[in-house]
There are 2 protein chains.
Amino acid sequence: MGGSGDRVERGRRRSRPHGSLGPVNEAPQAADAPREPQEPRTPRRTSGRTPLYLEVAEDLRGAITAGAYGSGARLPAEDELARRYAVSRGTVRQALAALRTDGLITSRRGIRRVVLGGPGEENAATELRSFTRWARSLGQEPGGRTVSVDPGTADGEEAEQLRIAAGDPVYRVLRLRTLAGEPVMVERTTYPRAVGALVAGMPPDTVSYSEQLARHGVLFTDAHHTIDIAPADADDARLLGCRAGEALLRERRRSTDPAGTPVEWSQDRYLPGTVAFTAHSTAASALGRRLRP
Amino acid sequence: MGGSGDRVERGRRRSRPHGSLGPVNEAPQAADAPREPQEPRTPRRTSGRTPLYLEVAEDLRGAITAGAYGSGARLPAEDELARRYAVSRGTVRQALAALRTDGLITSRRGIRRVVLGGPGEENAATELRSFTRWARSLGQEPGGRTVSVDPGTADGEEAEQLRIAAGDPVYRVLRLRTLAGEPVMVERTTYPRAVGALVAGMPPDTVSYSEQLARHGVLFTDAHHTIDIAPADADDARLLGCRAGEALLRERRRSTDPAGTPVEWSQDRYLPGTVAFTAHSTAASALGRRLRP
DNA sequence: GAGTGGTCTAGACCACCAT
DNA sequence: TGGTGGTCTAGACCACTCG
């Protein structure tokens, strides 16, 4: 989305020409435009549409990635942005917080926010994305095949991760993932009984289990990741076409639903040189290290 | 910090017995205690102390990690927490947002927040921490030695990462990092001229450059990380005591200061089996993958 | 001292979930 | 239908930065 006017007016009692978002992409020079005293704003109804602060955030993101403010440039002050977008300062702050989380801008008391990346720089629009969605967003065609779907009983680690009792029934799925037809990753996922039953009932050529599961109301909203190195075993070597014992980039992941119930415990092994993991961290939180994986 | 009473009363016009934070650790059973009508609260002065929302967050964190609410338990409603802590709902929400970022709780419209981890589970108290601080927080003694500090000129990648011109002067530092005396990681850092000059002036046995730099006003507030695999070169092999060509866990990192100026571009290579990287992701943002590292 | 982001309060309405 | 978190507004004061 671009600068302005491409959003529907959703407010009421507001008398801006049209389009609910002020033009910021074309704004770095402004600061003129006499401000007629505004009638007190009443909260706008968002009525089922995109939250206002996300619209503001996306507009600003567009302006930043389009290079409207060079790298290292300072953003307008919060009050100024609030005026331009005709929203409250709180909403602007919420939008800016989102951009900060994505590592697009800094934030410090006393000085204006600074644009971190640059026009050319890839925006790490991170998300809790499945392999499938991630690949598609890159314009790559994700593929793969399900090697096996087996019912079984949880071992110690699976039980701990899925927060069930050892010996409880689970389903194990082994899949090979490809990108543009080339093998990239071997995925070993353990599902608790209920979720696994759904997976087992899907056609073996299902590209994205997570998308299908979402249709059944199984949502993945949180995930905890651990990244390290693991040697390829015989299966890995056969499927990925590498040497047994070769070092692979390993991601272990436990996903949970909104109720906090673990819905997936997965171990993915990537062929070296195919992918890298990226993360952004600020003074508060983001990436950790851990001893003895 | 624990439940209550270990904080100084900082408010005014408030008539709670003493201690500014209500006892939540001992609260899961409450919900009784007749509420006398409160006089309207006025914003409390934080006057140079820890922000209120952080106190609330830390108290809740303590309650959660202490297991006051079992894993999967639901937290009290926002309004209820606001009453207990005698703060506004906004402040409670700010505190809860911090816990959510750390992956301690979920959050979904319509239902109470759910505790994610469990009593036993290690809290991934992630931070933008230097190797030194990270090691110390684990009770490990960080060590190492500086192999070389060399002035030089920026190559293409360094220039791009540090946002300077190719050929500009830089300092390159090669260090070996140890944990309990054992080699763990080789760190290759490139500093821009000004920062590098400070580093070059420090004694060669300096354990933490970042701590020393902080004293000179050079702060690391943001960092962008990329994690993948790289083979050990001759230096790596010699310093880490591994085979040349052996796969190492590589972290590349660009750190910036509050003004958005890059202050460090580093490439760290960890011996396999020594550390793992952890991250938490929610529906919005956290960990990314990237093609072709 | 002026400008700017950080914190806090108060109140309102809405969307979603469970009952 | 009632409870709960999500969004939005308005106003206030404070801490920090810089000229």
Side-chain angles (χ1 to χ4, degrees), chain A residues 10-14 20 31 38-57 74-83 85-98 100 105-114 217 219 221 257-259 283-284, chain B residues 10-14 20 31 38-57 74-83 85-98 100 105-114 217 219 221 257-259 283-284:
Chain A
R10 310 182 306 170
R12 36 158 221 198
R13 314 209 316 108
R14 311 239 56 265
S20 69
Q38 303 247 344
E39 57 184 8
R41 284 173 295 191
T42 57
R44 268 181 262 183
R45 295 304 129 67
T46 54
S47 69
R49 304 174 103 299
T50 307
L52 254 186
Y53 79 91
L54 280 183
E55 289 194 34
V56 173
R74 295 184 324 175
L75 240 44
E78 293 178 355
D79 286 334
E80 171 61 17
L81 288 173
R83 272 193 299 276
Y85 287 106
V87 298
S88 74
R89 187 180 161 216
T91 299
V92 166
R93 283 181 61 79
Q94 219 173 336
L96 292 171
R100 170 124 175 88
I105 57 175
T106 64
S107 201
R108 194 187 194 190
R109 192 183 307 217
I111 60 177
R112 288 201 184 163
R113 289 181 169 81
V114 174
L219 299 175
T221 56
D257 69 11
Chain B
R10 310 183 305 171
R12 36 160 220 197
R13 315 210 313 109
R14 308 238 60 263
S20 69
Q38 304 248 341
E39 57 185 7
R41 283 173 295 191
T42 58
R44 267 181 263 184
R45 294 304 130 65
T46 53
S47 70
R49 303 174 104 297
T50 305
L52 255 184
Y53 78 91
L54 280 183
E55 290 195 32
V56 174
R74 295 184 323 176
L75 239 44
E78 293 177 357
D79 286 334
E80 171 61 17
L81 289 174
R83 272 193 299 275
Y85 287 107
V87 299
S88 74
R89 188 180 160 216
T91 299
V92 166
R93 284 181 59 79
Q94 221 174 334
L96 292 171
R100 170 124 176 88
I105 58 175
T106 63
S107 202
R108 193 186 195 190
R109 183 179 288 179
I111 60 176
R112 287 201 184 163
R113 289 181 168 80
V114 175
L219 300 175
T221 56
D257 69 10

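Numbers restart at 1 for each chain; the letters A, B, ... are given by sequence-line order, proteins then strands.
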What are the two closest heavy atoms between A:L96 and A:I105, and how far apart are they?
O-CD1, 3.6 Å

Closest non-hydrogen atom pair, A:A95 against A:V56
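Of all heavy-atom pairs spanning A:A95 and A:V56, the closest is CB-CG1, 3.7 Å.
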
The criterion is side chain to side chain donor-acceptor pair (under 3.5 Å); which residues satisfy it with A:E78, sequence neighbours excluded?
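A:E78: side chain to side chain donor-acceptor pair (under 3.5 Å) contacts with A:R89, A:R93, A:R113.
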
Length of the line joining [X]:[atom1] and [N]:[atom2], which is rounded to integer Å:
| X | N | atom1 | atom2 | result |
| --- | --- | --- | --- | --- |
| A:Q94 | C:dC8 | CD | C1' | 16 Å |
| B:L96 | C:dC8 | CG | P | 14 Å |
| B:D79 | C:dT9 | CG | P | 14 Å |
| B:E55 | C:dC8 | CD | P | 9 Å |
| B:I105 | D:dG5 | CD1 | C1' | 11 Å |
| B:R113 | C:dC17 | CZ | P | 15 Å |
| B:D257 | D:dC16 | CG | C1' | 16 Å |
| A:L75 | C:dG5 | CG | P | 9 Å |

Check the phosphate of C:dT9 against B:T91, side-chain N and O only, distance under 4.0 Å to OP1 or OP2. Yes or no?
yes

When you measure from the side chain of B:R89, which nucleotide among D:dG6, C:dG5, D:dT4 comes out closest?
D:dG6

Can you tell me which nucleotide in C:dG6, C:dC8, D:dC8 comes closest to the side chain of B:S88?
C:dC8

Salt bridge (Lys or Arg N to Asp or Glu O under 4.0 Å) with B:R112: which residues, sequence neighbours excluded?
none

Of all residues at least two apart in sequence or in a different chain, which pass the side-chain contact (heavy atoms from CB on, under 4.5 Å) check with A:A259?
A:D257, A:T261

In chain order, what residues pass the side-chain contact (heavy atoms from CB on, under 4.5 Å) check against A:I111, with sequence neighbours excluded?
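With neighbours one apart ignored, the set is A:R108.
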
When we call it a touch if two heavy atoms are under 4.0 Å apart, what does B:R93 touch: a base, just sugar-phosphate, or nothing?
base

To the nearest 0.5 Å, atom OG1 of B:T106 lies from atom CZ of B:R74 at 11.0 Å

To the nearest 10 degrees, how far apart in direction are the end axes of the helix from C:dG1-D:dC18 to C:dA18-D:dT1, each fit to five base pairs?
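If I round to tens, the end axes sit 20° apart.
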
Identify each atom pair where a protein N or O and an N or O of nucleotides 17-19 of chain D are less than 3.5 Å apart, giving names and distance.
residue: D:dT17; atom: OP1; partner: A:R108; partner atom: NH2; Å: 2.9

